[in-house]
Participant: 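The structure follows.
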Amino acid sequence: MYGFVWNHEVRRLFSQRAMRVVWVVAMIGGLGAFVSFVDPDHHLHQPHRILVDTDVDTDDVFALFYLLKQDRTQFHLQGITINANGWSDAGHAINHVYDILFMMDRDDIPVGVGGEGGILANGTILPNVGGYQPIIDQEMSTAGECRYRQAIPVARRGRLDVNSNYGLRKAFLPQGSRRYTPLQQPTAQEVMKDAISSGPTTVFLLGAHTNFAIFLMSNPDLKKNVKHIYVMGGSVRSNCPKNDSSDNSGECPNIGNLYPQDSNPYAEFNIFSDPFAAYKVFHSGIPVTLVPLDATNTIPLSRSFFTEFERRQDTYEAKYCFQALKIIRDTWLSDVFHEQYCMWDSFLVGVALSIMRNSSNGENEFAEMQYINISVVTSNEPYGISDGSNPLITGNSMPKFKVDKNGVHSGHVQMGMQDRFCLQKGKGKCQDGYTKEDTGEDAVRVLAAMKAKSNHENGSSLQKEFYKSFLRVINSPEKTGRFDIRKQYLFHREVLHKPDFGKKMSGKPVVFDMDMSAGDFLALLYLLKLPVEQINLKGILICSTGWATSATIDVVYDILHMMGRDDIPVGLGKAFAVGQANPAFSAIGDCKYSKAIPHGSGGYLDSDTLYGLARDLPRSPRRYTAENSVKFGASRDTDHPELRQPSALDVWKSIVDSLDAGSKITLLMNGPLTNLAEIILSENASSMIQVNNVKMPRPNDDTVYLCLLMQGVYIVGGHIAYVNDNGKGNLFTVPSNEYAEFNMFLDPLAAKEVFTSSLDITLVPLQMQRRVSSFSSILNRMNLTALTPEALFVQRLLSRLWQLEQEHYRYHHMDIFLGEILGAVVLAANPHLNQTFRLKPLKVLADGDITNIGEIIIDKEQGKQVLVLENVNPQAYYDHFARVLGDHRQSAVLGSFHEQERMWNSPAAKTNICCLHLDELIQTDQYMEKHLIVNLADLV
Ligand SMILES: *[C@@H]1O[C@H](CO)[C@@H](O)[C@H](O)[C@H]1NC(C)=O
Ligand SMILES: *[C@@H]1O[C@H](CO)[C@@H](O)[C@H](O)[C@H]1NC(C)=O
Ligand SMILES: *[C@@H]1O[C@H](CO)[C@@H](O)[C@H](O)[C@H]1NC(C)=O
Ligand SMILES: *[C@@H]1O[C@H](CO)[C@@H](O)[C@H](O)[C@H]1NC(C)=O
Ligand SMILES: *[C@@H]1O[C@H](CO)[C@@H](O)[C@H](O)[C@H]1NC(C)=O
Ligand SMILES: *[C@@H]1O[C@H](CO)[C@@H](O)[C@H](O)[C@H]1NC(C)=O
């Protein structure tokens, strides 16, 4: 009972930011009392206070569990901070950590992410820098270049898979009450400061060093409280992954693990993500113990370890980790997973805890250690030459952070994976991020793990001592996870919803392409509410080059589930704008355009969590998954190839194939035009075409065929420059570009492709969106409407956007999103809106000049005739929108996550409600038709 009250109390306090300080004090007080109760000598056995900074990659998750399962009187986790410029996106990472802690019954551990502070030109660090950018690139915004970050894959095998833990996170983890909320989320710097100022603390760095270096630079007085730093990262000596049996095989040519290696074969990801930050940490004077690739390469996820892990999954956390490992293996590109995938962060934590237990000299059970002198390379020789690549030197009369004008930080700094300075055939030339052995003055002495120790039990199938420890700890019945999402509720069940429209004739077939900005979700809800006799939403294409990251596709699935429309297919688009993927390895690429989107408040962090409200939506059984099949080009079939996430092109093709004779698709584009350009290019590439189920040779004029399929395209966005009283564009993060609008700027080459095609285009330009972007008007109108669950949700989202806009300058652009509803409303063509259009010859500028990319101009010679929205009646528009949302027809089947929880806490009301398990769930139309499912009537 005491435990319950305490927990409840903590949760209540946690939700009130102002009380956070009180809470930290109360918690420490409480803990002290507990320790002295079990151990009267507690001053001799103070628990080690630990702070973890992590980028929440899969192996960070393993490390976190290993730590959470330790005896709390010995190791106490004071806080977790999220590294926001590594392998995950902040909005997904933060909720992932909250879910893990909830499962482990550790809602008491504070978690920090982001922050909106900046670094001034003279090097002054303002409070709460979010760490979205490496220190040298950090300015006053959370938008910016990706010189280091571009080494990390964005979609599959990269941040999409990490954000969703390959799709397992939503299938597996329970959901508690903690979540990200804009402007209330504790920042990384706040959590670090709270933890470290309250006592001697040991810091574990599992990702890039940005947060912690900023902390040290801005709190020199607190350095004395940091006892020791344990780092997983870097690579010191040439080494290569070893097989189980061949411990001493030959040397590998390259040291680092970036891919491809033709620019920098020396760096390891964590250090490369922010070399200057790592330099600051290593040179802080605080003792450092390093676990570099040299050591982790000797403890790969061997076949025998994998087999043993498969056999031993006694806890929820063991299951979660093993399933993740399995799908990583099943989707690994080559056949050498067992040699290439190593125990990285978990090994660091194992070594660290063993050293801490053993006190003095670095001796530990798991790794052979050695003192070595290293330095972190932050720039390339020759030093003292200003070539524009180095923000510490370039354009400053005094170098930033008082670095030496001709010192180690003054050379060429790698600009990206295709930096010409670095590229060299065979072996690249740049060394940024290399933890190089060094005997010079600039070197620091660190204790480094060089090799994993062998298992000293002879004859065990587990060759390394740490394999054994990891499996023992993760499977230990002590401090174990309480449940997964299925066990959290007595009557948990996964049900797909399909509407029953009876004999109604379906209206105009529409495909909605969205980049998952807040406005797109409002538009989606509106489209789902339009009578099906009028608009028949056939599919959704997800554009991943706009305002949200790919993993946010799960929020789209949730909205559809809420509205009873699990029958609508959702296809995921390409991760990069046209021309931005790396030519040698298309999983990575540049951010020439996407750099305009902020990472923190008002940007990805908020889109990815739908401003904190996504968690109020019921959880759909549909979700992104990394499952895949050979049939669709994967290396091998996974366990559930049928669960595969369809691509945007897959969904487009299946809709085309299923069109009724004579009907044509209307496409509504609410984001960058990436997917439509891909459709045009792919249709142009095929020699046979299919129209209404009849195959025929393609017509000579390439895009004529698309015109046979498409009624027309509505494009939301674009700004027609230089026309009287039109005003400027909206690229607030790229001030040099005055006239572009985001959707065109974010993929200008795609826009050019579309604006030179023969498709019928209707443009809903920025100028018109601005006429209907009054929060007070739309909210006033929403206030009068009936409160269907969807109207309530829309009202909450709109109120939150409006409130944020008034509260903080980072949210001054919220009206951009409000304007995005207009396309859907125009498409519905309500006669009361007095819509008028005019044909204009338009051309999109896309020739690479950053000051005008994405601008639309009137060009009588080369322009394409486009129907441009010229007028709409705002009052009628707000009225109409509110009325549609308040209509009781086509309303939500499940109003919210709370309602779903109530359902899961009671037995199914009717036995004919079909309950599906993930294993049985297939995301195809045919499946829905054969097996389904639940009508609205069955549920009520
Ligand atoms: C840096 O610039 C800010 C604002 O211009 C100023 O307030 C501050 O004193 C400067 N700091 C240093 C160390 O020059
Ligand atoms: C590891 O072992 C496999 C099979 O035993 C072999 O094919 C492979 O070449 C080995 N890899 C290395 C790096 O030694
Ligand atoms: C510390 O480690 C060494 C070497 O592994 C071991 O011999 C010793 O027993 C350990 N001491 C303690 C207190 O665990
Ligand atoms: C490493 O650096 C320390 C000083 O930090 C120095 O005493 C020692 O000799 C150096 N070792 C080597 C091998 O250079
Ligand atoms: C909507 O109604 C609520 C309560 O009746 C009121 O507090 C709020 O100010 C209203 N909002 C607008 C925009 O009129
Ligand atoms: C809308 O159009 C109708 C008919 O064309 C006209 O009577 C009405 O005044 C218009 N309303 C507005 C607000 O423009």
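Indexing begins at 1, ligand by ligand and atom by atom, following the structure's order.
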Participant: Let me know which of Asp879, Ile821, Val772 forms a side chain to side chain contact (heavy atoms under 4.5 Å, CB included) with Ile778.
Facilitator: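 Considering Asp879, Ile821, Val772, a side chain to side chain contact (heavy atoms under 4.5 Å, CB included) with Ile778 is found only for Ile821.
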Participant: Evaluate the ring-ring contact (aromatic ring centres under 6.0 Å, His included) criterion for residues His409 and Phe401: first the C-alpha distance (whole Å), next the side-chain angles of each, then the deciding distance (0.1 Å), finally the verdict.
Facilitator: CA-CA 11 Å; His409 305 303; Phe401 307 122; 9.6 Å; no
Participant: Among all protein heavy atoms, pick the one closest to atom 4 (C) of ligand 1 and tell me residue, atom and distance.
Facilitator: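 Protein heavy atom at minimum distance: Leu120 CD1, 3.9 Å.
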Participant: Do Thr142 and Gln133 touch side chain to side chain, with heavy atoms closer than 4.5 Å?
Facilitator: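 A side-chain contact under 4.5 Å is absent here.
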Participant: Determine whether any protein heavy atom is located less than 4.0 Å from atom 2 (O) of ligand 4.
Facilitator: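 There is a protein heavy atom less than 4.0 Å from atom 2 (O) of ligand 4.
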Participant: For atom 11 (N) of ligand 1, is the nearest protein heavy atom closer than 4.0 Å?
Facilitator: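 So far as the 4.0 Å threshold goes, atom 11 (N) of ligand 1 is in reach of a protein heavy atom.
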Participant: Within the structure provided, determine whether Val403 and Ile393 are in side-chain contact (heavy-atom separation under 4.5 Å).
Facilitator: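 A side-chain contact under 4.5 Å exists here.
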Participant: Nearest protein heavy-atom contact for atom 9 (O) of ligand 1: which residue, which atom, what distance?
Facilitator: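 Here the nearest protein heavy atom works out to Asn122 ND2, 4.8 Å.
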Participant: Can you pull out the closest protein heavy atom to atom 13 (C) of ligand 1? Residue, atom name and distance to 0.1 Å, please.
Facilitator: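 Ranked first by proximity to atom 13 (C) of ligand 1 is Thr124 OG1, 4.2 Å.
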Participant: Any non-hydrogen protein atom below 4.0 Å of atom 7 (O) of ligand 5?
Facilitator: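 It does not: no protein heavy atom is found less than 4.0 Å away from atom 7 (O) of ligand 5.
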Participant: Tell me which part of Asn780 gets within contact of ligand 5: side chain, backbone, both or neither, using heavy atoms under 4.0 Å.
Facilitator: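 Both backbone and side chain.
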Participant: Output yes when the distance from some N or O of ligand 5 to some N or O of Trp802 is under 3.5 Å, and no in every other case.
Facilitator: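 Between Trp802 and ligand 5, no N or O pair is found under 3.5 Å apart.
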Participant: Please list the nearest protein heavy atom to atom 5 (O) of ligand 4 with its residue and the distance rounded to 0.1 Å.
Facilitator: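 The closest heavy atom on the protein side is Arg445 CB, 4.2 Å.
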Participant: With a 4.5 Å limit on heavy-atom distance, are the side chains of Asp558 and Phe897 in contact?
Facilitator: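 Counting from C-beta outward, Asp558 and Phe897 never come under 4.5 Å.
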Participant: Count the heavy atoms belonging to other residues, nucleotides or ligands that lie under 6.0 Å from NZ of Lys595, then report whether that count exceeds 12.
Facilitator: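 Above 12, so yes.
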Participant: Any atoms of ligand 5 less than 4.0 Å from a non-hydrogen atom of Leu779? List them with their elements.
Facilitator: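 Listed by number with element: 13 (C).
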Participant: If you define the side chain from C-beta out and look only at heavy atoms, does anything of Phe366 sit under 4.5 Å from Ile299?
Facilitator: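 Not touching, per the 4.5 Å side-chain cut-off.
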Participant: N/O of Asn373 under 3.5 Å from N/O of ligand 4, yes or no?
Facilitator: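 Indeed, backbone or side chain, Asn373 has an N or O that close.
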Participant: From the options Glu805, Gln806, Arg800, select the one residue that forms a side chain to side chain contact (heavy atoms under 4.5 Å, CB included) with Met814.
Facilitator: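 Answer after filtering Glu805, Gln806, Arg800: Glu805.
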